[in-house]
Amino acid sequence: MKKILFFSICLVISVNSFSQNTQSLPSRLLSTNLGLSKAGTGDIYGVMIGFEFEKQFRSKLSWSTELATSIHDGSDLLLVKVDNQPQQDMSYRYTTAGIQLAGKLGYHFVRTSRVDLGIKLGVLARYQSTSLSDDREILFPALTGYPLPVRILRNTEPQRTIAAGALMQLFARYTLKKNIAIGATTGLQMDTNGDVMFPAFALTIGKRF
């Protein structure tokens with residue numbers, strides 16, 4: 001009986017201590033997310049950087065807003081050498097860049113005075129500009145009789161678009177001294193323009209207050 005009573009007291013103390021640790025983590029976080037992603041349209045890789053404000057409003061729930069920008073680029077490699085002339089780079093290079101504003105709702109699986117793990121679901125509005133053609137074709141000299149390859153580009157979609165979208169993110173963060181938070185985020189997003197970014201991986205650093 002004494003052992004059971006002792007165990008119960010220890011359990012209550014542990015639960016109270018864990019609850020205090022959970023509550024001691026500041027409710028607001030201002031952070032920067034910097035990472036890499038793959039744009040599904042064109043299968044091109046690039047970087048994303050975002051600035052996010054997060055506010056805890058329940059023990060397991062938070063809301064956040066993020067302003068982010070991305071730039072992806074690629075090329076269709078074409079190196080040509082005619083007779084004794086130096087080799088020429090006639091590759092087609094393209095870039096897709098955009099800026100977006102997202103609102104997210106987060107659920108925190110684990111939230112202690114140091115560790116913060118969870119998932120975020122959100123919606124976004126995105127402005128994007130791209131130089132990537134929708135259809136690309138190369139005609140070689142054997143077909144055209146011209147000494148250099150001829151590239152044909154066709155555009156069927158607008159260069160600039162505004163789209164609505166959705167995203168999902170998994171995050172893991174650790175809080176150091178002076179409430180400095182570091183961590184990582186991974187996830188995917190898609191929008192009504194047919195653009196998908198997956199996979200995406202970003203490092204996070206921020207300040208809790």
Side-chain angles (χ1 to χ4, degrees), residues 13-74 95-128 163-191 195-209:
I13 293 174
S14 298
V15 171
N16 288 337
S17 175
F18 181 81
S19 299
Q20 291 172 1
N21 286 338
T22 301
Q23 295 171 359
S24 66
L25 194 65
S27 63
R28 291 172 292 181
L29 172 65
L30 185 62
S31 63
T32 298
N33 304 309
L34 175 62
L36 304 174
S37 66
K38 179 183 177 182
T41 303
D43 290 332
I44 51 180
Y45 291 86
V47 297
M48 293 190 71
I49 182 170
F51 300 93
E52 184 172 6
F53 174 78
E54 178 184 300
K55 177 69 167 64
Q56 199 84 15
F57 66 92
R58 294 286 189 275
S59 61
K60 293 289 187 179
L61 297 176
S62 68
W63 64 265
S64 61
T65 182
E66 181 184 24
L67 180 65
T69 184
S70 65
I71 182 168
H72 297 76
D73 60 72
T95 299
T96 297
I99 186 169
Q100 63 189 48
L101 181 64
K104 311 173 193 177
L105 180 65
Y107 180 80
H108 300 249
F109 303 117
V110 177
R111 183 175 167 84
T112 70
S113 60
R114 295 296 180 190
V115 179
D116 190 14
L117 308 175
I119 185 172
K120 291 183 179 181
L121 300 176
V123 295
L124 61 91
R126 178 176 175 83
Y127 169 81
Q128 180 172 283
L167 59 82
M168 181 193 72
Q169 296 175 332
L170 298 173
F171 63 88
R173 299 184 294 239
Y174 185 83
T175 302
L176 305 171
K177 294 181 179 179
K178 298 184 179 180
N179 287 325
I180 300 298
I182 59 173
T185 300
T186 186
L188 65 89
Q189 75 173 51
M190 58 188 68
D191 61 39
D195 292 312
V196 177
M197 291 190 187
F198 178 80
F201 178 81
L203 297 177
T204 299
I205 182 168
K207 173 71 174 179
R208 294 189 182 277
F209 58 99

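Keep in mind the model is a prediction, meaning the values are calculated, not measured. Note that these values count all heavy atoms, side chains included, but never hydrogens, waters or copies made by symmetry.
You'll find the side chain of Ile44 stays beyond 4.5 Å of the side chain of Asp73, heavy atoms only. The shortest distance between side-chain heavy atoms of Ile205 and Ile182 falls below 4.5 Å. No side-chain heavy atom of Arg208 sits less than 4.5 Å from a side-chain heavy atom of Gln56. No side-chain heavy atom of Leu25 sits less than 4.5 Å from a side-chain heavy atom of Thr112. The shortest distance between side-chain heavy atoms of Arg126 and Ser70 falls below 4.5 Å.
For Lys177 against Arg114, the heavy-atom pair with the smallest separation is N-NH1, 3.9 Å. Ser62 and Leu105 get closest at one heavy-atom pair: O-CD1, 3.3 Å. When all heavy atoms of Gly206 and Leu29 are compared, the closest pair comes out as C-CD1, 4.0 Å. Here the shortest heavy-atom pairing between Thr175 and Ser113 reads CB-O, 4.1 Å.
The aromatic rings of Phe53 and Phe209 lie tilted to each other, with the angle between the two planes from 30° to 60°.
Atoms CG and CG, on Leu124 and Leu67 in that order, are 11.5 Å from each other to the nearest 0.5 Å. How far CE of Met48 is from CD of Gln100: 4.5 Å, rounded to the nearest 0.5 Å. Atom CG in Leu170 sits 12.0 Å away from atom CZ in Phe201 (nearest 0.5 Å). Considering NE2 of His108 and CD1 of Ile119, their distance stands at 11.5 Å, rounded to 0.5 Å. In this structure, the separation between CD on Gln128 and OG1 on Thr69 is 10.5 Å, given to the nearest 0.5 Å.
No donor-acceptor pair under 3.5 Å is formed between the side chain of Ser37 and the backbone N or O of Tyr45.
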Before you tell me yes or no, could you show the steps for Phe171 and Asp116 under side-chain contact (heavy atoms from CB on, under 4.5 Å), namely the whole-Å CA-CA distance, both residues' side-chain angles and the distance that decides it to 0.1 Å?
CA-CA 8 Å; Phe171 63 88; Asp116 190 14; 4.0 Å; yes

side-chain contact (heavy atoms from CB on, under 4.5 Å) evaluation trace for Ile49 with Leu34:
CA-CA 4 Å; Ile49 182 170; Leu34 175 62; 3.9 Å; yes

I'd like to know whether Thr95 forms a side-chain contact (heavy atoms from CB on, under 4.5 Å) with Ile71, so could you lay out the CA-CA distance, the side-chain angles of the two residues, the decisive distance to 0.1 Å, and finally the verdict.
CA-CA 7 Å; Thr95 299; Ile71 182 168; 3.8 Å; yes

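Screening Asn33, Thr185, Thr32, Thr204 for a side chain to side chain donor-acceptor pair (under 3.5 Å) involving Glu52 leaves a single residue, Asn33. Applying salt bridge (Lys or Arg N to Asp or Glu O under 4.0 Å) to Glu54 and the options Lys120, Lys104, Lys207 leaves one that passes, Lys120.
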